[in-house]
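Here the structure comes first, spelled out in structure tokens, and everything after it is commentary.
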Amino acid sequence: MAEWKDPEIGAVRALLASMPDAPTTEGLTFAERRPGMDAFGDMAPLPEGHVYEAVTFAGRPAERHTPPGADPTKVILYLHGGGYCLGSPKSHRGLTAQLALAAGAVAVTPDYRMAPEDPYPAAVDDALAAYRALLDEGFAAARIVIAGDSAGGGLTLATALAVRAAGLPQPAGLFLISPWASMTPTGVSYEAKLATDPMITGVALAEFAAAYLGGATDPGLASPVRSDFAGLAPILIHVGSEEVLLSDALLVAERAGLAAVPVTLEVWPEMIHVWHAFYGFLGAGRAAIAKAGGWIAERLA
């Protein structure tokens with residue numbers, strides 16, 4: 001067993017090891033797995049004075065978050081993770097609330113359509129529609145940051161590319177947490193980190209990818225890292241050193257650099273997939289949220 005310098009990440013790993021492996025439980029449909037992931041949102045503490053409300057946004061259910069002291073002219077469009085098949089505004093409620101508080105902005109989390117019921121490009125279409133809705137609501141593009149974790153990180157990139165294709169102004173920035181940016185393995189971490197990643201497996205990624213692509217032969221924006229990033233907004237990437245998806249994050253940074261897009265890549269030692277979500281008992285999670293919130297606040301200034 002590996003020894004971790006950060007005792008808190010060891011405790012998180014022990015917690016994960018004690019839980020049922022819900023995202024990859026054999027014999028259950030994705031619909032049957034979703035309540036288990038949504039329940040994670042009930043465990044996450046919200047900031048004191050934080051207000052969230054159920055709304056309809058761009059024709060889809062969504063949650064709008066207003067932390068205390070937020071500037072109502074600044075907004076984070078948060079796209080939740082879950083392999084394009086799991087997750088919801090509820091499952092990511094705590095993380096969204098904490099990030100909005102750290103950035104001093106409101107946040108909107110759309111309940112975009114998911115696979116296998118609604119495969120690619122439904123999620124991209126819904127995220128683009130949500131961005132259009134923010135513009136129509138009066139938010140300036142320079143006062144919008146798109147953010148997301150895991151599949152939501154890939155969807156953040158895909159949305160920015162769809163925004164560019166639609167001739168709309170780019171947002172102020174893109175924040176990617178542990179992004180899943182390719183439907184096929186992209187680098188050495190897919191094998192090198194299998195033994196130390198307690199959350200992601202190659203089998204699970206293949207299952208989610210097949211469901212999301214729905215038989216499509218061209219992944220298109222389902223694999224946004226294959227695109228030319230020219231003209232995209234500045235990017236901040238957070239990824240843990242112990243992630244199967246580490247190579248995706250590295251390749252996203254490379255693509256951004258090749259396109260002369262400002263990019264900041266932070267590889268956090270010993271951290272796991274979307275460690276930010278464990279902020280309730282992981283100091284590194286709180287520190288990462290605070291740092292990202294500062295970056296978003298600078299972009300929205």
Side-chain angles (χ1 to χ4, degrees), residues 11-44 54 60-63 78-96 109-127 148-155 158 177-185 189-191 193-216 219 222-223 240 242-245 248 272-278 280-281:
V12 169
R13 285 177 169 274
L15 174 65
L16 290 171
S18 70
M19 298 172 63
D21 192 13
T24 56
T25 300
E26 295 183 3
L28 294 181
T29 67
F30 285 116
E32 291 169 331
R33 302 178 202 178
R34 288 170 188 155
M37 187 166 182
D38 283 354
F40 187 77
D42 294 327
M43 301 168 55
R60 293 290 303 166
E63 287 188 355
Y78 195 86
L79 304 174
H80 69 79
Y84 297 106
C85 300
L86 306 176
S88 69
K90 180 179 180 180
S91 66
H92 286 65
R93 184 177 293 156
L95 178 53
T96 305
T109 307
D111 191 7
Y112 59 84
R113 289 171 291 169
M114 290 190 292
E117 298 89 342
D118 294 289
Y120 172 79
V124 180
D125 292 343
D126 288 352
D149 65 281
S150 194
L155 184 55
I177 305 173
S178 304
W180 184 29
S182 176
M183 292 290 104
T184 55
S189 68
Y190 276 74
E191 292 187 5
K193 296 299 179 178
L194 275 177
T196 56
D197 189 328
M199 301 177 68
I200 302 294
T201 68
V203 172
L205 287 176
E207 180 187 17
F208 285 110
Y212 184 46
L213 291 174
S223 291
E242 306 311 308
E243 295 198 50
V244 165
L245 294 179
D248 280 40
I272 61 175
H273 190 62
V274 196
W275 71 97
H276 309 58
F278 300 97
F281 31 84

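These numbers come from the heavy atoms of this one structure, side chains and all, not from hydrogens, waters or symmetry mates.
Across every non-hydrogen atom of A44 and G94, the tightest pair is CB-CA, 3.8 Å. Considering every non-hydrogen atom in both A62 and P110, the closest pair reads CB-CA, 3.8 Å. The shortest non-hydrogen separation linking A31 to P35 is O-CD, 3.4 Å. Nearest approach of A123 to Y212, heavy atoms of both residues: CB-OH, 3.8 Å. Listed here is the closest heavy atom pair of L213 and P219: CD2-CA, 4.0 Å. Of all non-hydrogen atoms in A211 and P119, the two that sit nearest each other are O-CB, 3.9 Å.
Between F208 and F30, the ring planes are tilted. Angles from 30° to 60° get that label. By the 30° and 60° cut-offs, the orientation of the rings of F278 relative to F40 is perpendicular.
Put simply, the side chain of R34 gets close to the backbone of C85: a donor and an acceptor are under 3.5 Å apart. Listed for the D126 side chain is a donor-acceptor partner under 3.5 Å among the backbone atoms of R113. Proximity of a side-chain donor or acceptor of S178 to a complementary backbone N or O of V274 within less than 3.5 Å is detected. Of the possible polar contacts, one joining the Y84 side chain to the A151 backbone as a donor-acceptor pair under 3.5 Å is found.
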List the steps and the verdict of side-chain contact (heavy atoms from CB on, under 4.5 Å) for D38 and L86.
CA-CA 8 Å; D38 283 354; L86 306 176; over 6 Å; no
List the steps, then state whether side-chain contact (heavy atoms from CB on, under 4.5 Å) holds for E243 with W275.
CA-CA 10 Å; E243 295 198 50; W275 71 97; 4.1 Å; yes
Would you check, one step at a time, whether the test side-chain contact (heavy atoms from CB on, under 4.5 Å) holds for D197 with I272?
CA-CA 6 Å; D197 189 328; I272 61 175; 5.6 Å; no
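Taken to the nearest 0.5 Å, the CG atom of L79 stands 9.5 Å off from the OG1 atom of T96. A distance of 5.0 Å separates CE of M114 from NE2 of H80, quoted to the nearest 0.5 Å. Once rounded to the nearest 0.5 Å, the distance linking CG of L194 with CD1 of I200 reads 10.5 Å.
By the 6.0 Å contact criterion, CD on E191 is open, its count of non-hydrogen atoms from other residues, nucleotides or ligands being 12 or less.
Comment: E242 engages K193 in a salt bridge, judged by a side-chain N to carboxylate O separation of less than 4.0 angstrom. The pair D111-K90 does not meet the salt-bridge criterion, since no charged nitrogen lies less than 4.0 angstrom from a carboxylate oxygen.
Side-chain contact of E63 with T109: a donor-acceptor pair under 3.5 Å is absent, judged by distance alone. A donor-acceptor pair shorter than 3.5 Å can be found between the side chains of H92 and D149. If you check the side chains of Y112 and D125, you find no donor sitting under 3.5 Å from an acceptor. Looking at S150 and H273, their side chains do bring a donor and an acceptor atom within 3.5 Å of each other.
A heavy-atom distance below 4.5 Å is found between the side chains of M199 and L16. A heavy-atom distance below 4.5 Å is not found between the side chains of T201 and V244. Residues T196 and R13 have side chains in contact (heavy-atom distance under 4.5 Å, counting atoms from C-beta outward). Residues P89 and Y78 fail the side-chain proximity criterion, which asks for heavy atoms closer than 4.5 Å. Counting only heavy atoms from C-beta outward, the side chains of S223 and T184 never approach each other to under 4.5 Å. Side-chain contact between W180 and D248: present, with at least one pair of heavy atoms (C-beta onward) separated by less than 4.5 Å.
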